[in-house]
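For reference, the structure discussed in these notes is given below.
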There are 2 protein chains.
Amino acid sequence: MTDAELRVLDSLDKRRRTFVAGRDLVHQGQSNQAAYILMSGWACSYKLLADGQRQIVDFQIPGDFLGLRSVVLHISDHSIEPVTDIEVTEVHVSDLMEAFAQTPRLATAVFWAVSRDEAMVVEHLVGIGRRDAAERMAHFLLELCARLSLVGLGSKAGFACPLTQYLIADAVGLSSVHVNRVLRHLREQGFLTFRNGFVTIHDYDGLVRFADFEISYLDQIGPLLR
Amino acid sequence: MTDAELRVLDSLDKRRRTFVAGRDLVHQGQSNQAAYILMSGWACSYKLLADGQRQIVDFQIPGDFLGLRSVVLHISDHSIEPVTDIEVTEVHVSDLMEAFAQTPRLATAVFWAVSRDEAMVVEHLVGIGRRDAAERMAHFLLELCARLSLVGLGSKAGFACPLTQYLIADAVGLSSVHVNRVLRHLREQGFLTFRNGFVTIHDYDGLVRFADFEISYLDQIGPLLR
DNA sequence: GCGGCGGACTGATCTAGATCAGGACAAAGG
DNA sequence: CCTTTGTCCTGATCTAGATCAGTCCGCCGC
């Protein structure tokens, strides 16, 4: 980044806030003025249906934006719930727009973040639409692994994962009963073990092949930034 | 829009191109330099899995961007196939970036388009994950209806729809056999009729209730543009 | 005028995963 | 200490939707 860009970044009001696990920070239908950058902890964005079911769209890990789309669309089409206690820094729309105007390249960076977000949602869509339970589960965990590795919170050997089987069920579109069975299946196949909040991967390459996992949508650096 | 913005828009190289139905214009894995705006006809963006199955992520109708995300991420994570013969105008990355630098508000507009795109994909995800076949079908057709109405190609009474039941099956994650049965079901319930390339809606409000269709994610105008 | 083909449509059968109905265990709270 | 709560885990049964195996019809090319 150039000095000018860094100066603009520094000028942003960086108010830190914390939220406790389980208490939503953004509600579906709410129109909000601020987005956040997640500094520590995990969160999830989800949608509720009229009949009370919920679909978790994605989990957010440190470094991810929270509620960026809500700000652009002026209304939130989803809710965001901290999975663990979290720490965030607030980003005001006005500041963001200001920064865009001053340094277009910064706009491009955020643009890229939104696009990567969309690419992940698309990948989830494909998973739920076309992969069976085991492949979907494997793909889901591999994606988390890759994302966590990028921010230094995991490796191909495994990662700490605060998700309950209920949360995973809501994310991959299965019942929690079936999530449990699928995890057992993957363990019995020697692929991975998920126990006590830790995912241990025994056979990374086998898992990648099994899940047809294509990492490219995650690790690209926006070419427009080079 | 201001005069300055319009001048920038006019300065873009607006090369018209046409593509015939069925021949992909963007291939998964291809890195491309141009995005398009669809002027006439329908297209679809889809992903292929290793085992040959495909998931259609979304259909594009006149006015929609094609391949915008591919440009930002530098590589296309999906393919795009014209459903009918289509007409597009090409938009070069360099031009787009140039335009962004000159008029940040234009960047914001494109930003909004990407966000709306993502909101639609999220809605599809929820549909496939949590709605049963009939609700999903109803929701899918209502979304198309709403989008087509926005560009004057349909109304609450119905719209012309060039999609085959096979294409719909690939989009909503059902078998074509089941798509057929679900359409019959919706017809027998008096909700709508899909025949000879026309969707005729008999009971719009009933359908909206049945599908739990929430239109807000589509018709918002980006507040940042006001 | 007739084969070939793509799309709509249908009945019979099969299966992945849901749902139901619990038990085991650990942590939290009185 | 016992009770409650949350999470993991399991077997038995049920069902939405897939799959298989076609028919029918209109259109195109020869």
Side-chain angles (χ1 to χ4, degrees), chain A residues 20-23 42 44 49 51-55 81 83-85 127-141 160-189 192-200 210, chain B residues 20-22 42 44 49 51-56 81 83-84 127-141 160-189 192-200:
Chain A
V20 297
R23 178 80 113 303
W42 290 42
C44 71
L49 274 75
D51 60 11
Q53 293 191 100
R54 81 165 174 180
Q55 173 71 46
E81 175 187 314
V83 171
T84 65
D85 291 350
I128 291 188
R130 295 290 151 182
R131 280 187 255 264
D132 70 22
E135 291 168 355
R136 211 185 299 172
M137 189 73 212
H139 193 279
F140 171 75
L141 292 174
C161 175
L163 306 177
T164 67
Q165 295 185 352
Y166 289 86
L167 283 169
I168 298 177
D170 278 349
V172 297
L174 297 170
S175 65
S176 63
V177 175
H178 208 60
V179 164
N180 187 281
R181 282 192 240 271
V182 167
L183 284 174
R184 176 175 50 168
H185 180 74
L186 290 176
R187 182 173 0 106
E188 283 167 2
Q189 300 283 307
L192 59 83
T193 306
F194 184 175
R195 197 156 262 168
N196 301 322
F198 273 90
V199 175
T200 313
F210 174 69
Chain B
V20 297
W42 289 44
C44 71
L49 273 76
D51 61 11
Q53 294 191 99
R54 81 163 174 180
Q55 173 71 46
I56 292 179
E81 176 188 313
V83 171
T84 64
I128 290 187
R130 296 291 150 182
R131 280 188 254 264
D132 71 22
E135 290 168 356
R136 210 184 300 170
M137 190 72 215
H139 193 280
F140 170 76
L141 292 174
C161 175
L163 306 176
T164 67
Q165 296 186 352
Y166 289 85
L167 283 169
I168 297 177
D170 278 350
V172 296
L174 297 170
S175 65
S176 64
V177 175
H178 208 60
V179 165
N180 189 281
R181 283 192 241 270
V182 168
L183 284 174
R184 176 176 50 171
H185 181 73
L186 290 176
R187 185 174 355 109
E188 284 167 2
Q189 300 283 306
L192 60 83
T193 306
F194 185 175
R195 197 156 262 167
N196 301 321
F198 273 89
V199 175
T200 314

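Everything quoted here is computed from the prediction, not taken from an experiment. Convention: sequence-line order gives letters A, B, ...; per-chain numbering from 1.
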key: Closest to side chain of B/R195, choosing from D/dT7, C/dC9, D/dC9   = C/dC9

Can you name the atoms? Protein N/O to nucleotides 17-23 of chain C N/O, anything below 3.5 Å, with the distance.
{"unit_1": "C/dG17", "atom_1": "OP1", "unit_2": "A/A133", "atom_2": "N", "d": "3.0"}
{"unit_1": "C/dA18", "atom_1": "OP1", "unit_2": "A/S175", "atom_2": "N", "d": "2.9"}
{"unit_1": "C/dA18", "atom_1": "OP2", "unit_2": "A/S175", "atom_2": "N", "d": "3.2"}
{"unit_1": "C/dA18", "atom_1": "OP2", "unit_2": "A/S175", "atom_2": "OG", "d": "2.9"}
{"unit_1": "C/dT19", "atom_1": "O4", "unit_2": "A/R181", "atom_2": "NH2", "d": "3.2"}

query = How many Å lie between CZ on B/R187 and C1' on C/dA8, as a whole number?
reply = 10 Å

key: Nearest-0.5 Å distance, CG of residue B/D51 to CZ of residue A/R130   = 9.5 Å

query = What heavy-atom pair brings B/L167 and B/I56 nearest, and what distance separates the two atoms?
reply = O-CD1, 3.5 Å

query = Rounded to the nearest Å, what distance is computed from the NE2 atom of residue A/H185 to the P atom of nucleotide D/dC9?
reply = 16 Å

ask   = Roughly, in whole Å, what's the span from CG in A/N196 to C1' in C/dC25?
value = 12 Å

Show which side-chain atoms of residues 176-185 of chain A pair as donor or acceptor with protein atoms under 3.5 Å away, not counting sequence neighbours.
{"unit_1": "A/N180", "atom_1": "ND2", "unit_2": "A/Q165", "atom_2": "OE1", "d": "3.0"}

message = Tell me the closest heavy-atom pair linking A/A160 and A/W42, and the distance in Å.
response = O-CZ2, 3.6 Å

remark   = Separation between CZ (A/F194) and CG (A/L141), nearest 0.5 Å, reads 7.0 Å

remark   = Whole-Å distance, B/F194 CZ to C/dG7 C1', equals 11 Å

task = Compute the bend angle of the helix from C/dG1-D/dC30 to C/dG30-D/dC1 from the end axes (five pairs per end), rounded to 10°.
result = 30°

ask   = For A/L163 and D/dG6, what is the distance between atoms CG and P respectively, to the nearest whole Å?
value = 18 Å

ask   = Taking CD from A/E135 and C1' from C/dA16, how many angstroms apart are they, rounded to a whole number?
value = 13 Å

task = For A/Q165 and D/dC8, give me the distance from atom CD to atom C1', rounded to whole Å.
result = 6 Å

message = Expressed as a whole number of angstroms, how long is the span from B/L183:CG to C/dC9:P?
response = 8 Å

task = Output all residues satisfying side-chain contact (heavy atoms from CB on, under 4.5 Å) with B/R195, sequence neighbours left out; order by chain, then residue number.
result = B/R187, B/T193

request  = Could you list the residues that satisfy side chain to side chain donor-acceptor pair (under 3.5 Å) with A/Q189, not counting sequence neighbours?
outcome  = none

ask   = Closest heavy-atom contact between A/A138 and A/L186?
value = N-CD1, 4.3 Å

key: side-chain contact (heavy atoms from CB on, under 4.5 Å) involving A/N196 - partner list, sequence neighbours excluded   = none

